[in-house]
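Reading through the structure tokens given below for one structure.
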2 protein chains.
Amino acid sequence: MTYTIMDVAKRANVSKATVSRVLNDQGGYSEKTKRKVLEVIQELGYHPSAIARGLTNKRTHTIGVLVPNLTSSLVTEFLNGIEAVAHKLGSSVIVCHTESHGIKTMMYLQLLHEKRIDGLILAGTIFREEYYDYIQRVGIPTVLLSTYSEYPVPHVTADDHDAAYTATKYLIQKGHKKIGMISGNKEEWIAGSRLPRIEGFKDALSDHKIAFNENHIVYGGFSFDDGATGLKHLIRQVPGLTAIFTENDEIGIGVLSAAYHLGIKVPKDISVIGMDNINLCKVVTPPLTSVSLSHSEMAEKAANMMFEMIESNKVVTSCILPHEVVERQSVRTL
Amino acid sequence: MTYTIMDVAKRANVSKATVSRVLNDQGGYSEKTKRKVLEVIQELGYHPSAIARGLTNKRTHTIGVLVPNLTSSLVTEFLNGIEAVAHKLGSSVIVCHTESHGIKTMMYLQLLHEKRIDGLILAGTIFREEYYDYIQRVGIPTVLLSTYSEYPVPHVTADDHDAAYTATKYLIQKGHKKIGMISGNKEEWIAGSRLPRIEGFKDALSDHKIAFNENHIVYGGFSFDDGATGLKHLIRQVPGLTAIFTENDEIGIGVLSAAYHLGIKVPKDISVIGMDNINLCKVVTPPLTSVSLSHSEMAEKAANMMFEMIESNKVVTSCILPHEVVERQSVRTL
DNA sequence: GTGAAAGCGCTAACAG
DNA sequence: CTGTTAGCGCTTTCAC
């Protein structure tokens, strides 16, 4: 049996209104009635229905988070950060994993709107026009996290071009000249940030007068396995290769693993630097040097921005978070 | 602007009731009005409020999931499985991470109850009496996932004793005699399953006439770092150690990592077998042999059970899922 | 086939 | 200080 405000009211010999008042600390009642009401609430184990409240208040204290998957460490770190600030601010989060699937994403958007979420965070997805239209139309305060967009929606991202440039430059400064890159494919998530990373790589090369050849880059997916196959392609394609920059750490770790199986020593034979600095980096063998994009920070920032939008009801300004290379043991000085 | 059923009704020159009927495919209207209503809905981009619906229907199509953290692979795999079946069955999931914190857990339980979730899954937490009391009192259909409990709540788990026995026996059959175990501490999550795992380890040893000494087991936490420190303790405590069984894969991977730093070769110098068979196992170096507890399957099973409880309104029977050892390259035959 | 009206549990004026 | 009343957006009898 779950009680209603009416049950409490009757039992305390007051009106619903009074119960509501003490429930919300609004004042306008005597200490005595307050005590009585609280007592009855305790006694009954009464908890107000957030559903009913939501109906009147137009505020559900629930936010939605759309992620492409649930198993990548990156997403996991995002979720962690978001959930933390949401909880601190008294909201719950509904997670939806879209599998980077357009139709599924639209369905989730509708679903979340039907549930009347207060706000939305889109993480690591490509932001399509239809999403923008929908969000715009129903007016959900939204912020994009690590998601590139051509549409005017606030976002928090890293400067991908710059980060890739930094990673590549780091390799160069360590004396490497034959450097390859393993990138994700064109359609995948984090999409849009793909180009900048590649450009950053190329720019660092050219700024340091290192010749670039298209076959220094190999395209695949964003997973461990792609790192493995990427490595194989790369060593075949570029003779004398000494270092690899991978678009993310998952790929980098895949490279580490494949290298082990192929009898290639890291960093002795080949150096690798990843990107994202996920938790795993420090636990793989050898620990993976990576460019840190401080994801938890990004996620928290995004969440805070979203709540600000909810409160103030106006758009906030996007921000780009800094990065740094975290040196571990997968890069050797030549 | 977000429209209500009334807007649709007016615009279609029918009553709310009729709109509601076509919305729910209830029949009792002409083809013509149906068409008209649908047309207006389309036109307005109307989406019914799940909040209002929830209020009348006493069904929110939202479930809650309580997990101890958000970053362990195990939890991630659970979430993944749960979200998948929930979505297939038309429900959303609110995730809450309790940090194995009793107070926080109770707060979340209350919060979720206030949100009037249809059902609840508790994953990888120790199930305390106060949780049981609360759940019982407010009557949320609940199932425990990989959580030990003395209370009559349906659960899906692995047979921890058996799995630990299997892992240990595997090591023995590979010719190992000096076997250590790294276990989590007493109070942590997955708690309750800790004892069975230790007992399984001991039983396998004694069944194969291998002497057991208390210092063959070292206790710590459940993370990478604990594996590292565990290894150091173990090699000091038991001379001639050739193999280690770790209570979970995270610990096992920590051992791998620490071994690398200490110049200990796996599996040449020392063999290690983990438990859980998380995704990471196959990507670390060397790939970690592990006892598979098929978590996604467990999660899906748990979710299905929960929905069954919601539908049928009666408790379902618990189940214990099988396991198997997944051979990779971290164990050597002596 | 369709509409009117009551009610889900709560909050927010508006009166006293 | 406290109660009455009118919604919030939807579903569901019960009539017509």
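Just so it is clear, the values below take in all heavy atoms, side chains as well, and ignore hydrogens, waters and symmetry mates. So that the names make sense, note that chain A is the first sequence line, chain B the second, and so on, each numbered from 1.
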Sequence-distant partners of B:His61, side-chain hydrogen bond (donor to acceptor under 3.5 Å, both in side chains), two or more places apart: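 side-chain hydrogen bond (donor to acceptor under 3.5 Å, both in side chains) check on B:His61 returns nothing, list empty.
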Residues that B:Ser91 engages under side-chain hydrogen bond (donor to acceptor under 3.5 Å, both in side chains), provided they are two or more places apart: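 For B:Ser91 there are no side-chain hydrogen bond (donor to acceptor under 3.5 Å, both in side chains) partners, ignoring immediate neighbours.
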B:Thr62-B:Lys115 side chain donor-acceptor pair, cut-off 3.5 Å: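 Note: B:Thr62 and B:Lys115 side chains miss the donor-acceptor criterion.
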B:Lys32 NZ - C:dG1 P separation (whole Å):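 So the NZ-P distance, B:Lys32 to C:dG1, works out to 13 Å.
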Atom-to-atom span, NZ of A:Lys10 to P of D:dT4 - whole angstrom: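 Value for this atom pair: 13 Å.
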Qualifying side-chain hydrogen bond (donor to acceptor under 3.5 Å, both in side chains) pairs with a residue from residues 35-44 of chain A, counting only residues at least two apart or across chains: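 side-chain hydrogen bond (donor to acceptor under 3.5 Å, both in side chains) check on residues 35-44 of chain A returns A:Arg11-A:Glu43.
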side-chain hydrogen bond (donor to acceptor under 3.5 Å, both in side chains) contacts touching residues 300-314 of chain A (sequence neighbours left out):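 Listed by first then second residue: nothing to list.
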Sugar-phosphate only, base, or nothing, as touched by B:Asn13 at under 4.0 Å among non-hydrogen atoms: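 Sugar-phosphate, no base atom in range.
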Step-by-step side chain to side chain contact (heavy atoms under 4.5 Å, CB included) determination, A:Asp7 to A:Tyr46: CA-CA 9 Å; A:Asp7 297 318; A:Tyr46 164 76; over 6 Å; no
Check against side chain to side chain contact (heavy atoms under 4.5 Å, CB included), A:Val19 and A:Val14: CA-CA 7 Å; A:Val19 177; A:Val14 295; 3.7 Å; yes
Axis bend over the full length of the helix from C:dG1-D:dC16 to C:dG16-D:dC1, computed from five pairs that close each end, to 10 degrees: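 Answer rounded to 10°: the end axes differ by 40°.
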Base versus backbone protein contacts along nucleotides 7-14 of chain D [heavy-atom cut-off under 4.0 Å; B, S, -]: BBBBBBBB
Plane angle bin for B:Tyr132 and B:Tyr151 - parallel if under 30°, tilted between 30 and 60°, otherwise perpendicular: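 Because their plane-to-plane angle is under 30°, the rings of B:Tyr151 and B:Tyr132 count as parallel.
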